[in-house]
**Student:** 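Mind looking over this structure? Questions follow.
So that the names make sense, note that chain A is the first sequence line, chain B the second, and so on, each numbered from 1.
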Protein chains: 2
Amino acid sequence: MLLSRRLLSKVSQPFISQLERVLGKEAVKITTGETSENSDNQRRLIGGNPDVVVLPKNVGQVSSLLKICNENSIPVIPFSATTGLDGFLNTFEGGVLIDLMSMDKILEVNTSDFNCTVEPGVTLETLNHNLHATGLWFPGDPGANASICGMAATNATGTNTLRYGTMVQNVLNLEVVLPNGDVLYTAGKGRRPRKSAGYNLTKLFVGSKGTLGVITQAAVRLYARPSVCSVAICPFQTVDKAIQAVVATLQCSVPIAKIEFLDAATVAACNRYSKLTLAESPTLFLEFHGNSEAEVAEQASLVGEIFASNDGREFIWCHAPEEQKKLWVSLHSAYYAVLSQKDNVKGLTIHLSLPTSALAKAVAETRKEIDESGIFGAVVGHIGDGCFHCIFLVDESNQEEMKIIQELADQIIKRVLASGGSCTGEHGIGISKRNYLESECGKVAVNSMIAIKKAFDPKGIMNPNEMFSKN
Amino acid sequence: MLLSRRLLSKVSQPFISQLERVLGKEAVKITTGETSENSDNQRRLIGGNPDVVVLPKNVGQVSSLLKICNENSIPVIPFSATTGLDGFLNTFEGGVLIDLMSMDKILEVNTSDFNCTVEPGVTLETLNHNLHATGLWFPGDPGANASICGMAATNATGTNTLRYGTMVQNVLNLEVVLPNGDVLYTAGKGRRPRKSAGYNLTKLFVGSKGTLGVITQAAVRLYARPSVCSVAICPFQTVDKAIQAVVATLQCSVPIAKIEFLDAATVAACNRYSKLTLAESPTLFLEFHGNSEAEVAEQASLVGEIFASNDGREFIWCHAPEEQKKLWVSLHSAYYAVLSQKDNVKGLTIHLSLPTSALAKAVAETRKEIDESGIFGAVVGHIGDGCFHCIFLVDESNQEEMKIIQELADQIIKRVLASGGSCTGEHGIGISKRNYLESECGKVAVNSMIAIKKAFDPKGIMNPNEMFSKN
């Protein structure tokens with residue numbers, strides 16, 4: 001393939017030829033320069049596009065191509081299902097996007113030890129579909145059909161985090177190709193241990209977002225599918241009361257599986273987009289898991305009491321599995337439902353997390369601040385995990401409005417940081433948040449992270465704009 | 001204090017004077033040269049002793065003293081409650097031991113968010129005693145009155161790990177003094193977040209055993225004390241059947257709090273040492289936690305069925321709280337009970353962990369191998385967490401026996417590694433196991449760990465013999 005004129009000087013024809021020799025010509029695609037096939041609204045809003053997209057078929061090819069990029073000091077960004085936010089696919093320096101979706105094997109399912117090993121092309125839905133007959137499942141559920149390895153790279157959270165933990169609890173081992181081409185097994189090749197010796201490399205790589213190496217396999221924990229699963233909806237009069245009910249539930253240590261929050265604006269958007277008929281108030285959506293009807297009933301009764309004492313209405317139960325499924329699919333489409341409220345806009349989201357005790361005040365204040373700004377914004381969240389998102393609709397041609405939204409987002413993030421929260425909820429730090437890293441973690445922590453980055457990636461080729469500010 | 005002649009050349013009188021200026025003369029103790037006050041049998045077996053023991057009172061003093069040691073390239077080993085194994089207090093190069101027990105404040109207990117922040121001198125018993133009125137507790141229970149920060153440094157496991165996780169799940173933030181004197185907050189100063197931005201420094205430092213910096217504060221999760229707690233004992237005919245019963249219980253995902261294993265030799269030793277009257281067979285000790293009698297009864301009934309189908313005898317219930325306490329104290333003294341079986345011996349222990357599916361075979365083979373060797377050895381473990389220990393009694397004057405025991409230990413460790421297990425169960429890798437690190441994790445992982453070590457500790461002063469082989 002000939003090199004188009006627009007490519008940055010670093011990506012030369014000999015470099016492309018080297019890639020083609022290793023991967024085959026069909027697996028090396030020069031991008032059009034406008035936008036990569038794999039970028040979407042959210043991502044295009046933030047940064048530039050890569051020069052080349054490559055599609056390796058195995059770990060050997062990933063190793064060879066990283067070596068070539070490293071020798072040529074070409075920036076590299078790995079990706080799989082492209083469901084992440086925060087502009088991780090963008091690059092301000094051109095470079096190579098590694099599309100890992102062709103590596104799509106479920107390599108092993110270990111039903112005795114409740115774990116499995118998958119390649120980056122394996123998504124949540126594919127994995128759980130394949131696990132169905134075993135009685136096991138992977139409960140991670142970020143609200144999109146994410147890839148398991150991508151969820152590891154971003155330390156994704158999701159609707160079931162409350163009961164089953166985030167990725168950092170569920171990843172047992174990773175195969176990672178380092179910039180020099182070395183293949184690292186973070187907990188030893190083929191192992192899926194409860195403990196491992198030396199530094200915890202597995203948990204260092206979870207959430208590192210392709211800045212240290214390319215994840216080419218993930219071994220993750222599986223769980224027994226709950227035999228009983230109940231779903232309920234509970235509308236509240238105010239945001240504050242809804243979140244206070246969540247806080248009280250968390251403080252009672254009820255082993256509930258899901259507590260999701262939609263504000264009134266998002267419920268209204270979901271009603272229109274997904275043809276639901278929910279009351280348009282701040283609403284909590286709950287799922288209870290257990291091994292018996294009695295166990296689930298006990299949880300539900302306790303939560304019902306807590307909610308009632310916070311002015312929650314009666315639970316509306318979703319009994320039929322297809323009704324439950326429709327509800328969760330609608331909730332997972334909340335971003336698109338909000339986006340469909342206006343024409344010619346793009347979505348700008350921020351995601352945040354907070355300690356339980358700071359949650360009610362922060363969410364209520366955020367909602368109030370958005371209302372006062374006159375900007376349309378929705379607040380939704382995996383609230384049981386202390387995580388919430390704000391979704392703003394952005395008309396890029398309206399510079400004045402863009403400025404107001406950016407200031408509003410900045411204000412919301414700063415208040416969350418001041419309340420002991422984190423500027424990241426579930427997609428990692430990303431290009432849009434990296435300027436807050438030092439406010440959150442402190443200078444010594446950022447210096448330590450940069451020292452780790454240099455130890456693994458001395459030339460700084462791995463997703464170079466993702467984690468650290470350049471200034 | 002005058003410098004004794006035996007000190008290594010690196011530790012000079014001017015160096016001691018520098019330490020004394022920062023810490024005060026009374027906080028700088030030259031050791032006698034024979035053995036440190038803080039070493040015990042297990043540790044003395046392996047390595048040498050430090051030259052100086054220092055007792056800092058606050059993080060500022062730790063920072064100043066590390067700077068002095070770093071400038072003078074003097075090895076440093078931090079310690080607190082000295083309950084760890086694997087020779088972490090020994091040094092082959094002399095140097096400074098930092099005794100952190102004077103920093104003993106519980107800095108904050110946050111009852112809304114279920115967490116607390118403690119200094120290194122705070123032990124498990126002190127913390128739980130102080131938490132009593134809050135209804136919360138820290139469930140970590142390694143079997144000794146360990147310090148919370150030390151448990152973080154070693155990624156300790158314990159009897160309650162099965163239900164409440166290891167330290168890596170329970171540590172939220174660490175204050176760490178780096179070798180250059182910088183004070184790092186792994187998740188941002190004062191934060192105790194569910195998520196944090198950037199690389200997961202907290203989980204990198206958990207289990208790093210003082211090789212990257214000195215932990216001077218740990219923020220850890222707390223849990224609501226269970227309202228119902230039942231304890232049962234179940235003897236089995238064979239080691240194999242006992243462990244198979246554990247495996248089946250784990251595979252049924254029963255949320256049991258403790259499953260501890262003692263082999264017949266250890267039960268016999270505990271009977272004599274702690275004046276118990278247990279049947280001298282391989283035995284499992286169980287604890288069930290729940291919010292109601294019904295919840296605990298349901299767990300116990302399920303486990304009872306599983307055990308019965310593995311030839312377990314009827315549960316012997318311990319109902320009275322003082323009876324329960326006596327039992328766990330006796331189990332926690334198992335090491336000393338075994339040690340008391342012979343005069344003039346020292347204990348040599350190895351601790352290992354395994355995936356559930358490999359557990360029964362590995363423990364049964366280990367027991368058989370010890371029997372065939374003619375050496376006295378006990379097998380005990382936090383078996384619910386896949387972790388077990390072998391305790392050997394060593395007469396240091398008997399070189400032939402020492403050699404047999406070392407070969408036996410080597411054989412057991414290698415078989416565990418070959419079964420997908422780890423050479424470390426709960427005390428980290430340590431001087432006695434570091435030669436297995438590469439077999440377990442692979443060369444690329446070890447190189448990555450060494451790169452991290454160099455990034456934090458370029459002069460290699462932090463616990464220099466703990467993690468990596470010198471050859």
**Student:** Heavy-atom pairs under 4.5 Å with chain A - which of B/Ser448, B/Gly442, B/Ser208, B/Cys252 has more of them than the others?
**Tutor:** B/Ser448

**Student:** Judged by modelled atom types alone, do B/Thr117 and B/Gln217 share a side-chain donor-acceptor pair under 3.5 Å?
**Tutor:** no

**Student:** Chain A heavy atoms under 4.5 Å from B/Met449: which part of the residue, side chain, backbone, both or neither?
**Tutor:** both

**Student:** Using a cut-off of under 4.5 Å for heavy-atom pairs, which of A/Lys453, A/Lys203, A/Glu440 has the most such pairs with chain B?
**Tutor:** A/Glu440

**Student:** With a 4.5 Å cut-off on heavy-atom pairs, point out which of A/Asn110, A/Asp182, A/Asn155, A/Asp385 contacts chain B the most.
**Tutor:** A/Asp385

**Student:** Among B/Gly421, B/Gly190, B/Ala187, B/Gly207, who wins on heavy-atom pairs under 4.5 Å with chain A?
**Tutor:** B/Gly421

**Student:** Could you verify whether a donor N or O on one side chain and an acceptor N or O on the other, from B/Asp113 and B/Asn115, lie under 3.5 Å apart?
**Tutor:** no

**Student:** Specify whether B/Phe456 and B/Phe205 have parallel, tilted or perpendicular ring planes, treating 30° as the upper limit for parallel and 60° as the lower limit for perpendicular.
**Tutor:** perpendicular

**Student:** Please evaluate residues B/Val176 and B/Tyr185 with respect to the criterion side-chain contact (heavy atoms from CB on, under 4.5 Å), reporting the C-alpha separation (whole Å), side-chain torsions for both, the decisive distance (0.1 Å), and the verdict.
**Tutor:** CA-CA 6 Å; B/Val176 182; B/Tyr185 295 89; over 6 Å; no

**Student:** Using a cut-off of under 4.5 Å on heavy-atom pairs, state which of B/Thr161, B/Thr356, B/Asn447 scores highest against chain A.
**Tutor:** B/Thr356

**Student:** Among the options B/Ser357, B/Ala455, B/Gly165, pick out the one with the most heavy-atom pairs lying under 4.5 Å from chain A.
**Tutor:** B/Ser357

**Student:** Compute whether any side-chain donor of one residue and acceptor of the other, for A/Tyr223 and A/His289, lie under 3.5 angstrom apart.
**Tutor:** no

**Student:** With chain B as the partner, which of A/Gln251, A/Glu438, A/Lys195 has the greatest number of non-hydrogen pairs under 4.5 Å?
**Tutor:** A/Lys195

